[in-house]
Amino acid sequence: MNNYNHLLVLDFDRTLTPVRSILFIAEKLGLIEEVTRILSLNISEREKSVLIAKCLSGVQEDTLRSIAEKLPLRPWVRSLLEWGLSNNFYIVVVTLAYDVVVGSSLKGLPVNAIYAPRLRINKGIISGVDTGSFTPIEKTPWCIECGLCKRFIVKKLMNSLQISKESTIAIGDGLPDTCVFLETGYSIAIE
């Protein structure tokens, strides 16, 4: 049933793209001060995700997609994804960035699945984040309580795809990615 021998788990912000997507978007929408303030708060990542999505409320989905399509990707992204595809990797992006942003930015690239918090969209207008898209948390001593627990998702994927730790590669840049690194055989940290 499973045609994949390997799993490639990729972070998005500051890994596939050299910038934090929400800051790139906030600057274009004139929301940079408010988003920067929210990011500096001493609250969980889940709470930050909800508050930032509230800042995006009222923005047209098409506008957000148009901005996301302009997010810069690192020059090696296409080559990496094509390498993974040709070597029988199931390729997933697991990120704290919103689904609309990541999907628009990676449109046309060989990715099997994207795991990201889903924005609520009503008649083409963003109205917040769907907290129902958040996952349970697999705690670590450094847990920052992300809306999507990357560790939880990777463990579930490895189990459902029947791919071993030794056949799994993770690439990321930050604290949430170290949780993934605990579960994978090979880990690459991006500066």
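Below, each value reflects all heavy atoms present in this structure, side chains not excepted, and no hydrogens, waters or symmetry copies.
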Can Ile121 and Val100 be said to form a side-chain contact (heavy atoms from CB on, under 4.5 Å), step by step?
-> CA-CA 10 Å; Ile121 298 169; Val100 172; 3.7 Å; yes
Identify the residue among Lys156, Arg151, Lys155, Lys150 that makes a side chain to side chain donor-acceptor pair (under 3.5 Å) with Glu138.
-> Lys155
Give the minimum heavy-atom separation between Ile67 and Phe24, together with the two atoms involved.
-> O-CE2, 3.6 Å
Got Ser49 and Glu45 here, is their nearest side-chain heavy-atom distance under 4.5 Å?
-> no
Could you point out which residue of Ile32, Ile38, Leu96, Ile52 forms a side-chain contact (heavy atoms from CB on, under 4.5 Å) with Ile22?
-> Ile52
Give a yes or no on whether the backbone of Asp62 and the side-chain of Ser66 come within a donor-acceptor separation of less than 3.5 Å.
-> no
Write down the atom of Leu81, the atom of Ile91, and the distance for their closest heavy-atom approach.
-> O-CD1, 3.4 Å
Nearest heavy-atom neighbours spanning Glu34 and Cys55 = CG-SG, 3.3 Å
When rounded to the nearest 0.5 Å, the distance separating CD1 of Ile163 from NE2 of His6 is 8.5 Å
Does the Arg20 side chain pair with the main chain of Asp13, one donor and one acceptor, at a distance under 3.5 Å?
-> no
Kindly compute the distance separating CG (Asp130) from CZ (Arg120), expressed to the nearest 0.5 Å.
-> 7.0 Å
Val59 vs Ile25, side-chain contact (heavy atoms from CB on, under 4.5 Å): CA-CA, chis, key distance, verdict | CA-CA 11 Å; Val59 173; Ile25 289 162; over 6 Å; no
Side chain Tyr98, main chain Val129, donor-acceptor under 3.5 Å = no
Is the number of heavy atoms from other residues, nucleotides or ligands within 6.0 Å of NZ (Lys54) greater than 12?
-> no
List the steps, then state whether salt bridge (charged side-chain N to carboxylate O under 4.0 Å, His left out) holds for Glu145 with Lys139.
-> CA-CA 8 Å; Glu145 298 183 17; Lys139 285 235 179 202; 3.1 Å; yes
Within the side chain of Ser104, is there an N or O that forms a donor-acceptor pair under 3.5 Å with the backbone of Ala68?
-> no
Find out if a path of hydrophobic residues (ILVMFWY) with successive side-chain heavy-atom gaps under 4.5 Å connects Val94 to Leu85.
-> no
What residues form a side chain to side chain donor-acceptor pair (under 3.5 Å) with Trp76, not counting sequence neighbours?
-> none
Residue pair Gln60 / Ile125: nearest heavy atoms and the distance that separates them | CG-CD1, 3.6 Å
Mind checking whether Leu8 and Tyr115 sit in one hydrophobic cluster, side chains of I, L, V, M, F, W, Y counted as touching below 4.5 Å?
-> no
Test item: Thr15 and Leu10 side chains (from C-beta on) under 4.5 Å apart, heavy atoms = no
Measure the acute angle between the ring planes of Phe89 and Trp83, then classify it against the limits of 30° and 60° as parallel, tilted or perpendicular.
-> tilted
Where Ala113 and Tyr90 come nearest, the two heavy atoms and their spacing | CB-OH, 3.7 Å
So do the side chains of Leu73 and Leu109 get within less than 4.5 Å of each other, counting heavy atoms only?
-> yes
Honestly curious: do Val77 and Ile188 fall in one hydrophobic cluster under the side-chain, below-4.5 Å linking rule?
-> yes
Does a side-chain heavy-atom distance below 4.5 Å link Leu39 with Leu23?
-> yes
In Å, rounded to the nearest 0.5 Å, how long is the span from OG1 of Thr140 to CG of Leu182?
-> 7.0 Å
Examine distances only and state if a side-chain atom of Ser105 and a backbone atom of Val102 form a donor-acceptor pair shorter than 3.5 Å.
-> no
Got Ile137 and Phe152 here, is their nearest side-chain heavy-atom distance under 4.5 Å?
-> no
Got a donor-acceptor contact below 3.5 angstrom from the Thr178 side chain to the Phe181 backbone?
-> no
With the side chain counted from C-beta on, respond yes when Leu80 and Ile171 share a heavy-atom pair under 4.5 Å apart, and no when they do not.
-> yes
Linked, directly or transitively: Val92 and Ile114 (ILVMFWY side chains, under 4.5 Å) | no
Hey, is the main chain of Leu16 close enough, under 3.5 Å, to the side chain of Arg74 for a donor-acceptor pair?
-> no
Check for a donor-acceptor pair, side chain of Thr17 on one end and backbone N or O of Pro72 on the other, with a separation under 3.5 Å.
-> yes
Hey, are the side chains of Leu7 and Leu161 touching, using non-hydrogen atoms and a 4.5 Å cut-off?
-> yes
Applying the 4.5 Å side-chain criterion to the ILVMFWY set and letting contacts propagate, would Val111 and Phe12 be lumped into a single cluster?
-> yes
Verdict with reasoning, Lys48 to Ile43, per side-chain contact (heavy atoms from CB on, under 4.5 Å) | CA-CA 7 Å; Lys48 289 177 186 179; Ile43 57 176; 3.7 Å; yes
Residues which pass salt bridge (charged side-chain N to carboxylate O under 4.0 Å, His left out) with Glu47, listed by chain and number, not counting sequence neighbours = none
Separation of Arg78 CZ from Leu106 CG (nearest 0.5 Å) = 10.5 Å
For Leu148 and Thr95, work out which heavy atoms get closest and say how close.
-> CD1-O, 3.7 Å
Output the distance between atom CG (Leu56) and atom CG (Leu29), rounded to the nearest 0.5 Å.
-> 7.0 Å
So do the side chains of Leu119 and Asp99 get within less than 4.5 Å of each other, counting heavy atoms only?
-> yes
